[in-house]
S.K.: 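Before I ask anything, let me first share the structure, which is written out below as structure tokens.
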Amino acid sequence: MPTPPLPARAFSLRLRWPVRLRAATLILLLGLLSLGLAFAEASAQTAAPPPAQTTAPPPAPPAPATATPAPPSAAASAADGMMMLMLSEGRDRMAGFRGKLARRLRATPAIPSAIVATLKTQSPTGRPDYFLQVIALTFALMAAGHGVQHLVYQRPVARRLLPSPAEPRPGGSILAARFPRLVAHVLLTLVGMLFATLIAFGLATALVPEPTPMTEKTVILAGAGYLLVWAIALFWRLVMPPGASADAGVAPAVRRLRRDLTASGAVGVALMIGTIWLEALGMPYDPHAVLVALFGLLTVLATVGALYANRQTVERAFLAGRPAATVAPLERLTLRLWFPAVLVYFAYALATLVNRLILGWPTELPLLLGAYAVAAAILAVYATVTYATEWLFHHRRTLWRPLEEGREGAPDGDGQLPDTPRPAAIDSYEALARRVAGILAAAAGVAVTLSVWNVPRMHGDAADKLISIMTVCLIGYVAYHGVRIWIDRRIAEEGPTPGAIPGDEGSGHGSASRLATLLPLVRNFILLSIVGAILLSVLMDLGVNIAPLFAGAGVAGIAIGFGAQTLIRDIFSGAFFLIDDAFRKGEYIEIGAIRGTVEKISVRSMQLRHHRGPLHTVPFGEIHQLTNYSRDWVIMKLPLRITYDTDVEKVRKHIKQLGQMLLDDPDLGPKFLQPLKSQGVIQMEDSAMILRVKFMTRPGDQWEIRKRVYQELNALFRREGIRFANREVTVRFAGEATATSATGDPVTMQIGEEERTLAAGAVLHALGEDMPDAKPAAGRRLKS
């Protein structure tokens, strides 16, 4: 194994990649500045300096002549004069803008010579490389301070004070679980930055005893640039910490994204600090403005290029392993628009910067710092609200479950887990709080953007009205979803029990309670009231007089009352039906010739689902009589046709024994309210005795019990030799009794197939049945 060199053995400090990246970036910047200065100095010595160009300011526009008040008859002429004045002012402003732009562009070739001249003028030694030596010394001192704090403070102190990584609670957020560690990391790193800065300042004081003012500015700006690059590396390390992604395939891409963004941020800081430093040294405005614009363009290209190259990684990190179909609609919209929004932001920021530079106005916060301020505001607000939500709701984790408890992750009808992911929905107060966190984060980003770039600069009443409208909308949004979640949960608690099978007649176990029937109507009324209150509040903040709206609503209500009497009758009839508790959702009712299960109740009508599938809509005003088959109890009576030679008493005893056996059944027994019993013979027909049995049960259970009773009766009658009676019809043909032979004996009439078919059709018609396609007397005993 080769022996390491002496410096490595004497100082075994292994710097991490952010430190190496910062050092490489700063060294590269120094190299570029050195080459630029050498090239500029050589060009200045070989070529004659360009003559000073004195650009006279553009002549002031002539003062408009004082217009005399126009008489009322000359209103059109006054309007034309005002329009011409506005056009003249616009033309003068465009001319001034073009002149300033041309002057800035003419100063572009003089940028190298202007930099060299500025450095020579401000340098105590008269050489431009003096400041490069100062910058290099500052970087070396800051790196030394960084290394000392890493050995003395970060390793032995900060790492021990840093909380250990916490795992998210079941159903909780990873961001909320790591929030305390992130905050502690930021605070401890800021202390480390302060410690490194003090060490570097002490070393600089010892090495530079009497610095000039320009030297002090250079040292301060170089140290600030080093700290900003350090802060950017910390920012992206906190946003995308190592090991945050559970997917091993995403981790390398996240590391590459973090490095690219840190590198682009370092380049942007170096360019920004360079322009501020040259301005502090006194560089002429025209070449400095062009240089700032060019450096801003390079910063935008570096940042946007890093994001574009890693845009898929950003989206995968945003999803955090979740399927795209399960995220909320706002999150899906964010995934689609985040990169166009970044492009729009940087384009507007660069356009605003260039416009201010051309017009000579003071610039706002530097472009890169503005972007990081917006991103930091969004992330800080979202992380804080998410952590507060987690802290408030972790004791009530059941609120995070969906409304349909037990269905998420439960097997389907085939006993397998469903593969289709469920879309995210606001179905709990915690989900609402997280959605509000996203809204507040977006609002914070917009507010910081407006504050940084003054888009638009709002003062006084306009800002107050905007803040008031946003507050009202946010409160209304929270109130709307809060009321909806509470009522939906009460409906789920009071609603029908699972297990209702479509197609069963008179099913009563799936019926909702009275509260669950009324709550949907109450929910709709409250939500409409909240929306109306929000609209009225917004109109009032906008200065709209809402008194005429109330008056118009009253007149419209009277007109609707007179013109829609049927509608009013339906509404009032439905209200009284619901007050009387005549029906509930899920109950099986009959209205005239319509039967079905109550499936939906609105303000003016209800919908009934027939057990065969059709859906009937019945206005409340058309209901004159309503029969409810799903209340309290129901008696089922079953007629049985038996032959005349059957022992009725024997049948009664066997039915009584059968009823006791069914009561002892563990599945059917609890469903009986009264056991199966015989009512005796209730009717005598030509070919059978009609014996009836009955039982009492809860609504909805009679159909299952009826199937079992018929099955057991059939088995009982077969076992005991009791025969069911078939229907018999005797058909006599006309002239059958009078036909005799010559000797006086009766003559047997030969009945053909056609006569038999006609006779069978007449019998079936009398019985109310259709003619079968096969043999006409199939299934019937036909005597002729």
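We use all heavy atoms of the structure for the numbers below, so side chains are in, but hydrogens, waters and symmetry mates are not. Only a predicted model underlies this, so the values are computations on that prediction, with no experimental measurement involved.
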S.K.: A side-chain contact here means heavy atoms from C-beta on lying under 4.5 Å apart; do Met240 and Leu261 qualify?
M.R.: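 Of all side-chain heavy-atom pairs linking Leu261 with Met240, at least one is under 4.5 Å.
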S.K.: Is the shortest side-chain heavy-atom distance between Phe179 and Thr386 below 4.5 Å?
M.R.: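 Contact flag for Phe179/Thr386 side chains = no.
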S.K.: What's the spacing between Arg237 CZ and Leu182 CG if we round to 0.5 Å?
M.R.: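 One finds 12.0 Å between CZ of Arg237 and CG of Leu182.
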S.K.: Do Thr197 and Tyr226 have side chains that get closer than 4.5 Å, going by heavy atoms?
M.R.: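 A side-chain contact under 4.5 Å is absent here.
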S.K.: Decide yes or no for Leu137 and Gln133: does some side-chain heavy atom of the first lie under 4.5 Å from some side-chain heavy atom of the second?
M.R.: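 When only atoms from C-beta onward are counted, Gln133 and Leu137 do not touch, as no gap falls below 4.5 Å.
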S.K.: Please report the C-alpha distance between Asp286 and Val290 in whole Å, then the side-chain angles of each, then the deciding distance to 0.1 Å, and finally whether the side chain to side chain contact (heavy atoms under 4.5 Å, CB included) criterion is met.
M.R.: CA-CA 7 Å; Asp286 289 342; Val290 177; over 6 Å; no
S.K.: If we ignore hydrogens and angles and just use 3.5 Å, is the side chain of Thr384 paired with the main-chain N or O of Val381 as donor and acceptor?
M.R.: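 It does not hold such a pair.
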S.K.: Establish, from distance only, whether the side-chain atoms of Thr215 and Tyr130 form a donor-acceptor pair under 3.5 Å.
M.R.: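 The answer is yes; a qualifying pair exists.
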S.K.: So, for Thr212 and Pro124, which heavy atoms are closest and what is the spacing to 0.1 Å?
M.R.: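 Answer, listing the atom of Thr212 first, then Pro124: CG2-CG, 3.7 Å.
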S.K.: Nearest 0.5 Å, what's the CG-CZ distance between Leu307 and Arg311?
M.R.: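 Answer for the CG-CZ pair, Leu307 versus Arg311, is 11.0 Å.
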S.K.: When you measure from the side chain of Tyr372 to the backbone of Ile232, do you find a donor-acceptor pair of N or O atoms at a distance under 3.5 Å?
M.R.: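 No; zero donor-acceptor contacts below 3.5 Å.
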S.K.: Closer than 3.5 angstrom, by distance alone: can the side chain of Gln122 be matched with the main-chain N or O of Leu281 as a donor-acceptor pair?
M.R.: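 Pair found, side chain donor or acceptor close to backbone of Leu281.
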S.K.: Between Arg104 and Leu357, is there a donor-acceptor pair closer than 3.5 Å when you use the side chain of the first and the backbone of the second?
M.R.: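 Here the side-chain-to-backbone pair exists.
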S.K.: Which atom names give the shortest non-hydrogen contact between Ala184 and Pro163, and what distance separates them?
M.R.: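 Heavy atoms of Ala184 and Pro163 come nearest at CB-CD, 3.6 Å.
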S.K.: For the side chain of Ser123 and the backbone of Lys120, is there at least one donor-acceptor N/O pair under 3.5 Å apart?
M.R.: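 It does not hold such a pair.
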S.K.: Would you say Leu297 and Leu301 make side-chain contact, with heavy atoms under 4.5 Å?
M.R.: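 Counting from C-beta outward, Leu297 and Leu301 do come under 4.5 Å.
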S.K.: If we check side-chain contact (heavy atoms from CB on, under 4.5 Å) with Leu257, which of these qualifies: Thr313, Thr262, Val239?
M.R.: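 The single option meeting the side-chain contact (heavy atoms from CB on, under 4.5 Å) with Leu257 is Thr313.
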S.K.: Using the rule given for side chain to side chain contact (heavy atoms under 4.5 Å, CB included), can you reason through Thr303 versus Val342, listing the C-alpha separation, both sets of side-chain angles and the distance that settles it, and then say yes or no?
M.R.: CA-CA 10 Å; Thr303 305; Val342 170; over 6 Å; no
S.K.: Output the distance between atom NZ (Lys100) and atom CD1 (Ile358), rounded to the nearest 0.5 Å.
M.R.: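 Between atom NZ of Lys100 and atom CD1 of Ile358 there are 10.0 Å.
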S.K.: Check this for me: Tyr308, atom OH, are more than 12 non-hydrogen atoms of other residues, nucleotides or ligands nearer than 6.0 Å?
M.R.: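 No - once you tally the heavy atoms of other residues, nucleotides and ligands closer than 6.0 Å, there are 12 at most.
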S.K.: Please tell me if the side chains of Leu359 and Phe97 come closer than 4.5 Å, counting only heavy atoms from C-beta onward.
M.R.: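 Leu359 vs Phe97: side chains touch.
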S.K.: Got a second to check how far Tyr348's OH is from Leu353's CG, nearest 0.5 Å?
M.R.: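 The distance works out to 12.0 Å.
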S.K.: Are Leu141 and Leu207 close enough that some pair of their side-chain heavy atoms sits under 4.5 Å apart?
M.R.: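 The answer is yes, as the side chains (C-beta and beyond) meet within the 4.5 Å cut-off.
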S.K.: In this structure, are over 12 heavy atoms from other groups packed under 6.0 Å from Tyr153 atom OH?
M.R.: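 Enclosed.
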S.K.: Would you check, one step at a time, whether the test side chain to side chain contact (heavy atoms under 4.5 Å, CB included) holds for Thr299 with Phe346?
M.R.: CA-CA 10 Å; Thr299 302; Phe346 278 108; 5.9 Å; no
S.K.: Inspect the surroundings of NZ in Lys217 and state if more than 12 heavy atoms from other residues, nucleotides or ligands are less than 6.0 Å away.
M.R.: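 No, the 6.0 Å shell around NZ holds no more than 12 heavy atoms from other groups.
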S.K.: Looking only at heavy atoms, what is the nearest atom pair of Arg159 and His150, with distance?
M.R.: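 Reported closest heavy-atom pair: NH2-CE1, 4.2 Å.
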S.K.: Once you round to the nearest 0.5 Å, how far does CG of Leu278 lie from CG of Leu291?
M.R.: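 Reported to 0.5 Å precision, the distance equals 6.5 Å.
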S.K.: Let's go through Leu474 and Leu440 carefully: what are the C-alpha distance in whole Å and the side-chain angles of both, what is the deciding distance for side chain to side chain contact (heavy atoms under 4.5 Å, CB included) to 0.1 Å, and is it a yes or a no?
M.R.: CA-CA 9 Å; Leu474 180 59; Leu440 291 177; 3.7 Å; yes
S.K.: Are the side chains of Val183 and Tyr387 in touch, meaning some heavy atoms are under 4.5 Å apart?
M.R.: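 They are not in contact (no side-chain heavy atoms under 4.5 Å apart), so the answer is no.
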S.K.: First locate atom CG of Leu162, then atom NE2 of His185, and finally report the distance between them rounded to the nearest 0.5 Å.
M.R.: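 So the CG of Leu162 and the NE2 of His185 are separated by 6.5 Å.
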S.K.: Looking only at non-hydrogen atoms, find the nearest pair between Ala377 and Val448 and report the distance.
M.R.: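 Looking at all heavy atoms of both residues, the shortest contact is CB-CG2, 3.5 Å.
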S.K.: Would you name the heavy atoms of Phe235 and Ala375 that are closest together and state the gap between them?
M.R.: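 Shortest heavy-atom separation between Phe235 and Ala375 comes out as CZ-CB, 4.1 Å.
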S.K.: Which heavy-atom pair separates Trp236 from Arg258 by the least distance, and what is that distance?
M.R.: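 Looks like O-CD, 3.6 Å.
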S.K.: Throw together a table of side-chain donor-acceptor distances under 3.5 angstrom for residues 267-276, partners on residues two or more places apart or in other chains.
M.R.:
residue	atom	partner	partner atom	Å
Thr275	OG1	Leu271	O	3.4
Thr275	OG1	Met272	O	2.7

